[in-house]
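Inspection log for the structure reproduced underneath, given as structure tokens.
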Amino acid sequence: MPLITLPDGTTREYQDDVTPAQVAADIGPGLAKAALGARIDGELADLSAPITEDAELALVTAKDREGDPDEDAQYLMRHSCAHVMAEAIEELFPGARLVYGPPVENGFYYDIAFPEGSMISSDDFSRVEEVMKRIIKEDRAFNRYALSCADGLEKLRAEGSKYKIDNAERAIEAGSDELTWYATGTPGTDWEDLCRGPHVPSTGRIGAFKLMSIASSYWHGDERSDRLTRVYGTAFADKKQLKAHLARLEEAQKRDHRVLGRKLQLFTIDEQVGQGLILWKPAGAMVRQLLQNFISEELTRQGYAQVFTPHIGKLDLYRTSGHYPYYQESQYTPIIDRETLAGLAEEGCSCGELANRMDEGEIDGYLLKPMNCPHHIKIYASEQRSYRDLPVRLAEFGTVYRWEQSGEIGGMTRVRGFTQDDAHLFCREDQIADEVQGCLHIVKLIFSTLGMTEYRVRVGLRDPDGTKYVGDPGKWDRAEQACREAAATLGVPFSEEPGEAAFYGPKIDFVVKDVIGREWQLGTIQVDYNLPERFDLEYIGADNQRHRPVMIHRAPFGSMERFIGVLIEHFAGAFPCWLAPEQVRVLPISEKSADYANDLLGMLKDRGIRATVDHGSDRIQAKVKVAADLKIPYLAVVGPRDAEQGSVSVRAFGREQNLGALPLDTFVDSVARESESRGASSLMEHFEEVGT
RNA sequence: GCCACCGUAGCUCAGUGGUAGAGCACACCCUUGGUAAGGGUGAGGUCACGGGUUCAAGUCCCGUCGGUGGCUCCA
């Protein structure tokens, strides 16, 4: 006699087993029609799932109670749509074997092994979609049936589907006591798929869908294993939602930093220079410089010392640090001097032999530095250090080079040469907590100044069963606790992830999403017991004994390249006044006002404001349009009327209207104050009455 | 690195085997116009690069380089 408790607290009692569909029908025909699935005790389930005992039941409909698209409904619809797509593809591509087709954040995909010589391409999407539409129109029910593990496996073996057998075996290993299938229609005659479910009641309930793209993947994510074709699609409750989603994607594309980087002349990448190597153009370099100045000010305030170190170092340095032996495949190959190379050639030394002899240390060379720490360590080690000197905080906007896989490189977010806002703190163990806090303070300050609130924090802890970690467990416990406590003070979501620590210590990472939903790690703070050991670093303690310092690596924004790439997208290219490469553009109405415009330009430049004049022969409308396209924060329109009154008429980016006139001094002074205060004051304060 | 798709003017893109195109940007001329593009004229191309097929290749095939989306990787 199940007692069903609904989300509003009301209850219904049933004499026998009941399904969510029946409950929905009892509540009302509207709900029965709208229901796509159910949450039984919080667990997503089919509408036809039997409820045998007391349960909390919520019916899933396309829209939640706030009227927003319901996430569970989307999950059900997309999962079901993946089945429909798979059926359509199997129909059109005989011999295609299905592997795995889950819903994902913005849609779903299905991994499929296509037979040799029969490959789907995006040109095939429309005919696949036609078949899918037909299947949806047929409105066939999703019918679930279960077999015992043994019977199920036998069935799969009879069908000979290697991938599905694997899925089943893994489900069994994970503790399933049965295997379930979903037939799209009648089991035995209609299409079916081994699947855990749940699904919408029938294909007709899939509102609107679209195939999006094709990609490849590896079976089990293992690059040595079978290569699969992944077809991405998305589904929504109705056409309107789908359309809105596609519009969002289009909008997102407009703020893509690669598009804006070109349009706003921030940076360029030239294939002759090399893949993944950023050329900062003047406008982008200005943004970077302003940001670095901002960070530098805070570093100075926190007692960091800035240093400069070269872009290369001897191979032996990186043998000591361990970077060369352990991360060789992600470094540029070493540089060997001409004479040595000639000598080796004469000996007839093979490439393999050369590599071996470099590994052994018989041949030395130089490495483009993959990290800044060894150089900074040598600065630390260049003086005798007392416990009174600690912490020693060495900071550098240090450029490093890494041989990233070619397929992974793109835009500014994944590059081969980049500048970290790096620093290494050498401290006593009891100072770790305070130092980590200090690092977080910079992160908080800069993210809040930039208005970046959409980031998450990941605390990487050691895997409790792992054996790869250096340093004693007691130290680890204390360092992990310090990281955990520090992260909690940030006031943003953070997750603890065991096994994500570096082998030498725990870390805190900052992760943001780009405009197309990909996550990027920006900054990181890492506690390191290993390098001080490797380089035999020491300080003299109060006890007059030698002690080993602990190192903290921290690059709160990761790299200037990636950070500014993300920042461009964050602002959609419309930098706030203090960061804008061009802060003010003076627009004379005609040549008659050229002198007056130049006078204003002079005043702006005297106050350090980055400004230009558009002396072109365009009409004012065109000048405004051009400047607006460049997302310049303030436009200063000057004509005869202004010259007469000693004023300037102001237009701000993003405002459709001319804001009104200000005396020249007031204008220049306000922009200067806004710029110097990094936005704490604003020129807009003069126009508040107008704006509201 | 792997798979798919793509590479035509500075940018965005059209061009399905038969004379290389458009819009914007650029240069010059006219226009001196009060807030999101006034008008005209002109210049600009080794169709990424290298091979091949063909009477004929931007177009078809192979390779290389580069880009995009994924996968894998990311000290």
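Note: hydrogens, waters and symmetry copies are ignored here, and every other heavy atom, side chains too, is used. The structure displayed is predicted, hence computed values, not measured ones. Chain letters run A, B, ... following the sequence lines, proteins first, then strands; residues in each count from 1.
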For this session: Whenever both distances are under 3.5 Å in a Watson-Crick or G-U wobble pair, mark it; put RNA chain B into dot-bracket that way, with [ ] for crossing pairs and | when the partner is on another strand.
Result: (((((((..((((....[..)))).(((((.......))))).....(((((..]....))))))))))))....

Dump the pairs, protein N or O against N or O of nucleotides 11-13 of chain B, anything under 3.5 Å, distances to one decimal.
from	atom 1	to	atom 2	distance (Å)
B:rU12	OP1	A:Arg262	NH1	2.7

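B:rA56 and B:rG18 are spaced 14 Å apart, taking the P atom of each and rounding to whole Å.
For a distance-only test at 3.5 Å, the side chain of A:Arg414 qualifies as a donor-acceptor partner of the base of B:rC73.
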Problem set entry | Base versus backbone protein contacts along nucleotides 38-51 of chain B [heavy-atom cut-off under 4.0 Å; B, S, -] | B-------------

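If you take CD1 on A:Ile312 and OH on A:Tyr332, they are separated by 14.5 Å, rounding to the nearest 0.5 Å.
Listed by chain and residue number, A:Phe125 satisfy the side-chain contact (heavy atoms from CB on, under 4.5 Å) test with A:Ser122 (two or more places apart in sequence, or in another chain). Applying the side-chain hydrogen bond (donor to acceptor under 3.5 Å, both in side chains) rule to A:Lys475 yields no partners; only residues at least two apart in sequence or on another chain are considered. Judged as a side-chain hydrogen bond (donor to acceptor under 3.5 Å, both in side chains), and not counting sequence neighbours, the contacts of A:Arg414 are A:Glu404. Partners of A:Tyr469 under the ring-ring contact (aromatic ring centres under 6.0 Å, His included) rule, at least two apart in sequence or in another chain, are A:Trp476. Annotation: ring-ring contact (aromatic ring centres under 6.0 Å, His included) contacts of A:Tyr326 (sequence neighbours excluded): none. Partners of A:Lys623 by side-chain hydrogen bond (donor to acceptor under 3.5 Å, both in side chains), not counting sequence neighbours: none found. Under the rule for a side-chain contact (heavy atoms from CB on, under 4.5 Å), the partners of A:Arg127 that lie at least two apart in sequence or sit in another chain are A:Leu92, A:Phe93, A:Asp124.
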Side-chain donor/acceptor pairs under 3.5 Å, residues 209-219 of chain A, sequence neighbours excluded:
from	atom 1	to	atom 2	distance (Å)
A:Ser217	OG	A:Asp111	OD1	3.2
A:Ser217	OG	A:Asp111	OD2	3.3

Ignoring hydrogens and angles, write down the donor-acceptor pairs under 3.5 Å from the side chains of residues 261-269 of chain A, residues two or more places apart or on other chains.
none

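Under 4.0 angstrom from either OP1 or OP2 of B:rG69 there lies at least one side-chain N or O belonging to A:Arg258.
Taking atom CD1 of residue A:Ile120 and atom P of nucleotide B:rC3, one finds them 18 Å apart after rounding to whole Å.
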